[in-house]
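Encoded as structure tokens, the structure appears first; notes follow it.
All ligand and atom numbering here is 1-based and tracks the order in the structure. Predicted, not measured: the structure shown is a model, and the values here were computed from it.
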Amino acid sequence: MGKIKSIKDIDIKSKRVFIRVDFNCPMKDDGTVADDNRIRAALPTIQYAMSQDAKVILASHLGRPKGKVDLKYTLQGVGEKLAELLNKEVIFAHDCRGEGVWSVVENMRQGDVVLLENLRFYKEEEANDKAFSMELAKLCDVYISDAFGTVHRAHASTAGMAEFVKDKGCGFLVQKEVDNLRPVVESPTHPFAVILGGAKVSDKMAVIEELSRNADVMLIGGAMAYTFLKAGGFNVGKSLVEDDKLELAKKIISRFSNKGTKLLLPVDHIVASELKEGVKWEVTGDENISDGMMGLDIGPKTISLYKDALKNAEMVVWNGPMGVFETKPFDNGTLEVARLLAESKAHTVIGGGDSASAVKKAGVKDRITHVSTGGGASLEYLEGKKLPGLVALEY
Ligand code: AMP
């Protein structure tokens with residue numbers, strides 16, 4: 001990956017600074033913000049720009065209005081919340097393009113904050129339309145990306161417009177993500193452990209390939225483990241298995257054994273006859289699951305095997321739950337892994353999504369080095385893909 005400037009490396013003094021933020025907040029039916037975490041997360045970058053007397057132009061998407069104006073998805077309520085958090089007027093532009101927006105921006109004074117209306121009210125945003133990108137670019141002198149959750153999307157505001165702005169870089173949120181994810185892919189410290197879980201091998205194939213280049217040990221949990229175990233000749237009962245991926249799983253197993261990366265699979269499971277809260281469950285004696293039963297979580301022997309494997313790790317990256325963590329008691333393995341990471345002295349990185357909710361649920365989020373804010377974006381980053389929203393910032 002090439003070099004990216006931080007907002008601090010760019011002279012933004014008194015300039016018009018367009019910041020692509022992620023204000024895609026959960027909203028209440030009355031149009032007010034239900035959870036302001038994403039707004040709070042963007043405050044350091046916004047406040048820094050204000051402190052430089054910049055004219056701060058904020059833009060985001062909210063929900064899926066599908067390229068049409070739909071006031072159910074207006075950002076007005078977000079603007080009101082932002083004003084409250086900044087303790088300062090936020091000028092709401094009621095649109096993100098056209099004469100009205102031009103005149104709002106032209107009338108901005110230094111230190112003013114303008115919030116544009118939902119970018120996805122125009123289909124040109126997601127289509128990464130060139131003319132729309134140029135229109136957005138004309139609003140500003142400097143382009144800053146601080147919406148990590150969308151950097152894997154090639155949209156006009158996340159990638160397209162950067163080409164037409166001379167000065168560009170990232171805000172503090174994106175910078176923290178890149179600073180923490182980059183070493184995992186490019187220069188991990190060893191021993192380097194990778195923990196992968198979730199439903200499907202097929203969804204994690206690319207990340208297995210990429211991270212196994214450098215991993216010393218890879219620990220697998222979740223339903224994807226059953227595809228590997230079935231491929232290895234074990235009985236998996238009626239557990240979730242991707243039968244069309246058995247050959248692929250066999251190839252991965254043999255590739256690992258030739259390579260020096262240790263592949264660890266569960267050695268026992270929590271099983272039940274069906275997936276239901278309160279259902280009778282039991283622990284298997286070994287890898288095998290009897291007919292009529294399904295594996296819903298990793299068992300106690302697996303947890304201690306994984307604990308041992310992580311003991312000396314210097315770097316650990318984790319993506320995907322170890323079981324059906326949405327349903328008790330099948331959340332135990334996932335929560336235990338969250339605690340193992342919290343206790344570890346390693347540089348610990350969590351790739352967003354379900355694993356991020358698990359560390360919150362286990363109450364250990366603060367003891368993890370980095371919990372990514374973008375599930376899809378961080379998974380694609382860990383797959384070694386070039387993310388359009390980051391490539392667009394390179395110089
Ligand atoms: P993913 O989006 O691929 O990370 O998968 C997450 C989903 O995998 C969660 O909704 C889990 O409930 C599901 N999952 C994890 N382990 C199992 C399992 N043993 N059986 C069925 N689903 C599982």
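By the 4.5 Å heavy-atom criterion applied to side chains, Lys200 and Met224 are not counted as neighbours. For the pair Ile10 and Ile144, the minimum side-chain heavy-atom distance is below 4.5 Å. Val317 is listed as a side-chain neighbour of Leu211, based on a closest heavy-atom distance under 4.5 Å.
Ligand 1 is approached by Tyr226 to a heavy-atom distance shorter than 4.0 Å.
By the 3.5 Å distance cut-off applied to N or O atoms, Gly320 is not counted among the residues near ligand 1.
At a cut-off of 3.5 Å, with distance as the only test, a side-chain donor of Glu242 or Ser202 sits close to an acceptor on the other residue. A donor-acceptor contact under 3.5 angstrom links the side chains of His370 and Glu177, judged on distance only.
If you check each of Lys204, Glu326, Met322 against atom 10 (O) of ligand 1, the one with the closest non-hydrogen atom is Glu326. Here atom 15 (C) of ligand 1 lies nearest to Gly323 when heavy atoms of Ser355, Gly323, Gly333 are compared. Residue nearest to atom 8 (O) of ligand 1, selected from Ala199, Ala225, Gly295, Gly197: Ala199 (by heavy-atom distance).
Counting the atoms of ligand 1 from 1 in the order shown, those under 4.0 Å from a heavy atom of Leu296 are 19 (N). Interface of Gly198 with ligand 1, defined as ligand atoms under 4.0 Å from a residue heavy atom, comprises 1 (P), 3 (O), 4 (O), 5 (O), 6 (C), 8 (O). Atoms of ligand 1 lying under 4.0 Å from at least one heavy atom of Asp354, given by number and element, are 6 (C), 9 (C).
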If you apply the rule side-chain hydrogen bond (donor to acceptor under 3.5 Å, both in side chains), what do you find for Arg20 with His61, and how did you get there?
CA-CA 9 Å; Arg20 175 48 161 106; His61 72 283; 3.1 Å; yes

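Among protein heavy atoms, atom 21 (C) of ligand 1 sits closest to Val324 CG2, 3.6 Å. The nearest heavy-atom contact from the protein to atom 17 (C) of ligand 1 is Ala223 N, 3.4 Å.
Aromatic rings from Phe172 and Tyr48 are positioned such that their centres are separated by under 6.0 Å.
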